[in-house]
Amino acid sequence: MHFVTGGAYNGKRKWVIEHMVKDAPARWISGYEKTVTDLQNIKAYEKLTVIEGLEQFIYAWLENHDWRREWHTLLHQWMKWETENRKLIIIGTDMSKGIVPMDAKERLWRDVTGWCYQDIVNHASTVDVVWYGVSERLKGEIR
């Protein structure tokens, strides 16, 4: 699992396309397009799957009172899926900087997203942060 994070509109998508996807066939799932709402059935996807805008999927889960259990189940499904010679790239916007939202749901979204990202980083083999189109490797082999 490869996790790519960074600020909004900082070039994460472009960086992933240029440095990781290139011409490889990949399934691209975007939380911004709202066309896919279920991330649990990635078994049918290609050998390379990119999930972009994970924070948008997390926002949709906030109504679920058992989101933590569901999140851990999903994360373990992804890790198992990858053991079959497949690769998952997750792109998530860093929401931890800036002003803390006044709205309770927005604060909860920021907190839950941070907890989920911590879990991803714990399990990911590689983690990159992209700021202004420039990446910094936080975890994994140096290219």
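Small disclaimer: the values here were computed from a predicted structure and weren't measured.
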Next on the checklist: Using side-chain heavy atoms (C-beta onward) and a distance below 4.5 Å, is I90 in contact with W78?
Outcome noted: yes
Item to check | Hphob cluster co-occupancy, M95 + V100, side-chain heavy atoms under 4.5 angstrom | outcome: no
Item to check | Side chain to side chain, V50 and I29, heavy atoms closer than 4.5 Å | outcome: no
Next on the checklist: Once salt bridge (Lys or Arg N to Asp or Glu O under 4.0 Å) is applied, what residue pairs with a partner in residues 74-84 remain, sequence neighbours excluded?
Outcome noted: E84-R86
Next on the checklist: Looking at every heavy atom in both S30 and E52, which two are closest together, and how far apart are they?
Outcome noted: OG-OE1, 3.3 Å
Item to check | Any donor-acceptor N/O pair, W81 side chain to K87 backbone, under 3.5 Å | outcome: no
Checklist entry - Counting distance only, does the side-chain N/O of T5 pair as donor-acceptor with the main-chain N or O of V129 below 3.5 Å? => result no
Next on the checklist: In this structure, would V127 and Y132 fall into the same cluster of hydrophobic residues linked by side-chain contacts under 4.5 Å?
Outcome noted: yes
Checklist entry - So, the side chain of K12 versus the backbone of G7: is there a donor-acceptor pair under 3.5 Å, distance only? => result yes
Next on the checklist: Can you give me the closest heavy-atom contact between R110 and P101, atom names plus distance?
Outcome noted: CD-CD, 3.9 Å
Checklist entry - Using 4.0 Å as the upper bound for N to carboxylate O, is an ion pair formed by D119 and R68? => result yes
Checklist entry - Any side-chain heavy atom of I51 within less than 4.5 Å of one from I89? => result no
Next on the checklist: For M79 versus H76, what's the shortest heavy-atom pair and its separation?
Outcome noted: CE-ND1, 3.2 Å
Next on the checklist: On a heavy-atom basis, which atom in W61 and which in W67 lie closest, and how many Å separate them?
Outcome noted: O-CB, 3.9 Å
Checklist entry - Can you tell if the side chain of D128 reaches within under 4.5 Å of the side chain of L138, non-hydrogen atoms only? => result no
Item to check | Check: T93/Y32 side-chain N/O donor and acceptor closer than 3.5 Å | outcome: yes
Item to check | Atom of C116, atom of I58 and distance for their closest heavy-atom approach | outcome: CB-CD1, 3.7 Å
Checklist entry - Is K139 positioned over the aromatic face of F3, cation under 6.0 angstrom from the ring centre and no more than 45 degrees off axis? => result no
Checklist entry - Got H2 and L88 here, is their nearest side-chain heavy-atom distance under 4.5 Å? => result no
Next on the checklist: Applying a strict under-4.5 Å side-chain criterion to I, L, V, M, F, W and Y, I'd like to know whether V134 and I91 cluster together.
Outcome noted: no
